[in-house]
Structures are given as structure tokens and as C-alpha cells.
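As C-alpha cells, the structure follows; a few thoughts come after it.
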Amino acid sequence: MNRILLIEDGQMITHALSSSISKELAIEIDSVDSLAEAKARLAVNHDYFAVLTGQSDPDAPDNEALDEIMQLHIPVVVITASFSEKTRNELLERGLTNYIVYDSKHSFSDLIHILQRLYLNQFVSVLVVEDVFTDMQFITKQLRKWLLNVHEAKNGIEALNILERHPEIKMVLANYHMPEMNGMELVKALREKHDKENLAIIGISALDEKLLSASFIKYGANDVLTKPFSPEELLCRINHNLEMLELQTDLRDVIYRDHLTQLFNRRYLFEKVEKQFRSAKSAGQSITMGVMDIDHFKRINDSYGHHSGDAVLQAVSALFSQRFPDCITFRLGGEEFGLILFDTPFEIALSRIEQFRHDLKGTAIDLGHPVYITASFGVTDELTEQLEEMLQAADRLLYLAKQQGRDQICTNCE
Ligand SMILES: Nc1nc2c(ncn2[C@@H]2O[C@H](COP(=O)(O)OP(=O)(O)OP(=O)(O)O)[C@@H](O)[C@H]2O)c(=O)[nH]1
């Protein structure tokens, strides 16, 4: 879902907001005049992930329509001109996802933040580990209102099983008191496999258990929540921790991915794959290293310009990672790429690379007109002490393939 529905009730600044929001978030916004009209639109169009309105008056004539909209489980964010405890309680009791008090220059960035979070949450899975039924209900209801995909476990053992089956889970909220395996034991078990940058853990303890909060942090939780907590507090912590994870991912991408093609870079190879290389070797697994270089790439730049050359590099990379999703694919620089296949018999690795060479040659790359390219390959499965030596061996074979006429594969078995 990728659109926002704005209910324009004439009492607020929503109209001006609409264009600013769509500019800021690159998300489409449609507007309607009333809640009743919104209800009708939502019934036929399922592209909306959020409804934004200024209409929150419990005595409004089409108040029922707002309740019916909320039954569709689409988050409703209300913009209100002022904050009071009464307004806040009324809004939350009615089940609205959030409210924005639009009274300062920060209000717009708060609103953008909320809408952006809702959009991203559609793709985020979290796990709640809690054995108290009412607490589980309270937490999961809040999280679902925020469009998070929620999994539930009643104890640590169940939680570990769910995580095994759902590696896409990004965050775990774990209560301390649980049968079979308590929250602390769960944190310890999770940190054996998942580091803080990839899986956020929020420990939950009670107000009189200050020491537990400290222990949660010591054993590797990213954060702690103390019961009882308000919906706002819960969501603030969750958002904060998800944002930290996303920042870490962005940072890793900047460091370890090639900017043009989004493939891994040389640095990733030597900092991250070296370890995997050593453990695969000691486990007796086969390892295939391949390098590929586009033939006469300079001619593409010379004939169509550097920009078109970049487009060719991107098209080749897209096909490369699409054909080898289970392997490590990387760009070594310029028009040279590489891949590593772990635990794959050499004949199979070779026939996959040969199929790729053949398909690449037959693929029309669209530069406004079709352009065809070929590539040469060096492939080896001869294990070396270091990963770098294996890469150098593949590179020598690639050089041979170029010398022998290009558009071919040279291997260490010839
Ligand atoms: N568009 C574009 N060109 C690049 C990039 N990196 C390197 N190049 C160009 O790639 C070309 C490589 O040329 P050469 O090393 O002579 O190799 P080639 O023309 O592919 O010939 P062979 O490898 O011998 O088949 C040079 O013109 C570089 O400027 C890049 O990121 N984008």
C-alpha cells in the first residue's frame, strides 16, 4: 500500500499540507471532503496505508463513518490544533493511531516522521514475547495499529522457534517473567546468533525491578521498557530502535556496497567474506571463485557516453545478482565483477556461470535502442591460503580468456 487519504474538512491547513507531504515523502496523496466520502473511497481502493484528518470531534455528524474507517484497520492520524489530556484520552480511546498537535514549526516534521514510519512499518516484522494475556493484547494492538507485522510467543522457547522460522523479524519485545525460559535467558540465547545491529531487543520489566532493567542491558538488550507504559512511550521506543537499525543498515550499505550497482564491494569481500571463506574451508566445503569482465567496455563509453556506460554496468549487475541470489556477488571496480559460490560442486557452479555468459550475450540492454555485450570469465575452485590469492588466480584465468578471444570462460581444470 503506498497512498495516503486526506480528509479535507475545511477547518485546517491540510490542503497546504497535502502538497508538502507528497513532495517530502514521494508518496501519493488523494483528498476527499468528508469521512463518509473517505469510507466509500476506502471500500473500493485498497492502496491506502494511512488516513489523515483534522476531524476528530466525537459529536461530528458523520462520526460513525470514522469508527467504520477504523474497523478497516487503516491507521487514522488526526491533526489537532491544541493538546489537552481530555483530547488525548478521547483520541486514543477511539482507537486512532496517532495525533499531531499542529502548533509549532516542528509539527510538520513530526507529521512527516509519523507517515514515513507507518509506510516503512508495512515491511517490518516484530515478535512480542509475553505470557500475560492482557499485556500481550495491549502491546500487539498498539503495534498492529502502527502497521507492524506482529508475531506472538508465550515464552522464550516459543520465541526462538518463531525466530528460526521468520528470519525477517527485526525486533523482539521480551517480558522478563515467563515460564520455561525467562526474558533474560532469551536475550542471552538470541545474542549468541544475532547482533544488536541486526536484531533489536527491548526487555520489559516492572517498576519495582530496577535491577532487571540493568541486567537486560548488560546481557545485550538494546533498550528496556518499564511496566506500566503508555501507548506513546511504547511507540516512541519502538520507533527509536527501528530507526537505529535502519541507520545501521544505511551505514553498512555505504561502507560495503558499490554506489552505482548496489553489489557488494571489494572491502566487503576482504572484511566480511574472508571469515566465511576460512570456515567453509575448514568444514571441507567446495568454494568456487569467478571473476567477469565486460568485453570492449570502453567502446560503449566511447560510442554512447559515460552515462550509458553506467546504465550497462547497472543492467549487467541486476542480471548478475538475479541469477546468483544464493551467492556472494560483488563489483571489483570498473567493468569487473566477481562471485563466490560456497558448498556447490564445481561442475554445477561452472554450468551456472556458463548459462549466465550465454544469457548475458543474448540480453538486449536498453539504451533507448538495444545494445548487446559479451563478457569473459576466469573461474577456479583451487583452494588457497587466503581469499585474495584465490581472487588473483581467477583474475589470471580471466586474463587468459581475454587473450584467447574474449566471450569465454577459462578455468583451472583446463
Ligand atoms: N561508464 C563507466 N565507465 C567506467 C567505469 N569504470 C571504468 N570505466 C571505463 O571502463 C573502460 C575499461 O576499458 P579497458 O580497461 O580498456 O577495457 P575494455 O574496453 O573493456 O576492453 P577489454 O577488457 O580488454 O575487453 C574505461 O574506458 C573506463 O573509463 C564506470 O564506473 N562507469
Side-chain angles (χ1 to χ4, degrees), residues 249-273 288-325 327-341 349-382 387-414:
T249 308
D250 289 351
L251 199 64
R252 272 200 305 267
D253 284 355
V254 168
I255 296 173
Y256 292 124
R257 286 195 185 267
D258 170 55
H259 176 68
L260 181 69
T261 62
Q262 290 309 307
L263 292 179
F264 287 121
N265 57 20
R266 206 178 255 277
R267 183 171 183 175
Y268 180 81
L269 192 63
F270 295 118
E271 283 185 17
K272 298 287 170 188
V273 186
T288 301
M289 166 76 81
V291 290
M292 159 181 83
D293 188 282
I294 302 173
D295 297 327
H296 299 303
F297 183 67
K298 190 171 178 305
R299 290 181 192 166
I300 304 260
N301 276 340
D302 292 347
S303 313
Y304 309 110
H306 199 83
H307 190 67
S308 295
D310 282 356
V312 169
L313 293 172
Q314 285 170 324
V316 171
S317 307
L319 190 67
F320 197 37
S321 46
Q322 186 203 327
R323 290 303 171 86
F324 298 98
C327 311
I328 296 165
T329 46
F330 46 94
R331 183 183 179 201
L332 286 161
E335 78 289 24
E336 193 174 352
F337 301 85
L339 89 163
I340 304 181
L341 294 93
L350 211 49
S351 84
R352 286 180 66 184
I353 296 170
E354 174 54 26
Q355 185 66 50
F356 176 75
R357 187 197 63 77
H358 176 266
D359 293 349
L360 181 66
K361 188 177 179 172
T363 300
I365 298 173
D366 185 10
L367 296 180
H369 50 87
V371 167
Y372 291 87
I373 56 154
T374 61
S376 305
F377 298 76
V379 184
T380 178
D381 70 340
E382 200 173 314
L387 181 66
E388 181 149 24
E389 294 164 281
M390 208 167 167
L391 183 68
Q392 284 165 357
D395 221 17
R396 284 192 292 275
L397 291 161
L398 164 68
Y399 182 71
L400 210 60
K402 289 275 183 187
Q403 278 189 325
Q404 289 178 3
R406 298 181 174 81
D407 185 24
Q408 59 190 273
I409 301 173
C410 278
T411 77
N412 58 314
C413 299
E414 284 149 9

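Just so you know, ligand 1 is whichever comes first in the structure, and atom 1 is the first atom listed for that ligand.
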Exercise for the section: Compare all side-chain heavy atoms of Leu341 with those of Arg352 and state whether any distance is below 4.5 angstrom. Expected result: yes

Exercise for the section: Give the numbers and elements of all ligand 1 atoms closer than 4.0 Å to a heavy atom of His296. Expected result: 18 (P), 19 (O), 20 (O), 21 (O), 22 (P), 25 (O)

Practice task
Would you mind checking which non-hydrogen protein atom is closest to atom 22 (P) of ligand 1, with the distance to 0.1 Å?
Solution key: Lys402 NZ, 3.4 Å

Practice task
Can you label the angle between the Phe320 ring and the Phe324 ring as parallel, tilted or perpendicular, going by 30° and 60°?
Solution key: perpendicular

Problem - Contact partition for Asp293 relative to ligand 1, non-hydrogen atoms under 4.0 Å - result: side chain

Exercise for the section: Of all the heavy-atom pairs spanning Phe337 and Ile294, show the shortest one and how long it is. Expected result: CE1-CD1, 4.0 Å

Handout entry: Proximity to ligand 1 by part of Ile294, non-hydrogen separation under 4.0 Å
Key = backbone

Exercise for the section: With the side chain counted from C-beta on, respond yes when Arg266 and Phe330 share a heavy-atom pair under 4.5 Å apart, and no when they do not. Expected result: no

Practice task
Starting from atom 19 (O) of ligand 1, find the nearest protein heavy-atom neighbour and note its residue, name and distance.
Solution key: Lys298 N, 2.9 Å

Practice task
With heavy atoms under 4.0 Å as the rule, classify the contact between Glu335 and ligand 1 as side chain, backbone, both or neither.
Solution key: side chain

Problem - Atom indices of ligand 1 within 4.0 angstrom of Asp295 heavy atoms, with elements - result: 25 (O)

Handout entry: Residue, atom name and distance, where the atom is the protein heavy atom closest to atom 6 (N) of ligand 1
Key = Gly334 CA, 3.3 Å

Handout entry: Taking atom 28 (C) of ligand 1 as the reference point, the nearest protein heavy atom with its distance
Key = Asn301 ND2, 4.2 Å

Practice task
Quick one: sort the Tyr304 and His369 rings into parallel, tilted or perpendicular, breaks at 30° and 60°.
Solution key: tilted

Completion exercise
Scanning both residues in full, the closest heavy-atom pair of Asn301 with His306 reads OD1-CA, 3.5 Å

Practice task
Can you sort out which atoms of ligand 1 are near Gly309, meaning under 4.0 Å from one of its heavy atoms?
Solution key: 1 (N)

Exercise for the section: State whether the side chain of Asp295 and the backbone N or O of Asp407 hold a donor-acceptor pair below 3.5 Å, judged by distance alone. Expected result: yes

Completion exercise
Looking at Arg331, Arg299, His259, the heavy atom closest to atom 31 (O) of ligand 1 belongs to Arg331

Exercise for the section: With the side chain counted from C-beta on, respond yes when Arg331 and Asn265 share a heavy-atom pair under 4.5 Å apart, and no when they do not. Expected result: no

Problem - Residue portion contacting ligand 1 (non-hydrogen atoms closer than 4.0 Å) for Asp310 - result: both

Practice task
Taking the side chain as every heavy atom from C-beta outward, state whether Ile328 and Tyr268 have any atom pair closer than 4.5 Å.
Solution key: yes

Practice task
Can you pull out the closest protein heavy atom to atom 11 (C) of ligand 1? Residue, atom name and distance to 0.1 Å, please.
Solution key: Phe297 CD2, 3.9 Å

Practice task
Examine the proximity of ligand 1 to Arg406 and report which part, side chain or backbone, both or neither, has a heavy atom under 4.0 Å away.
Solution key: side chain

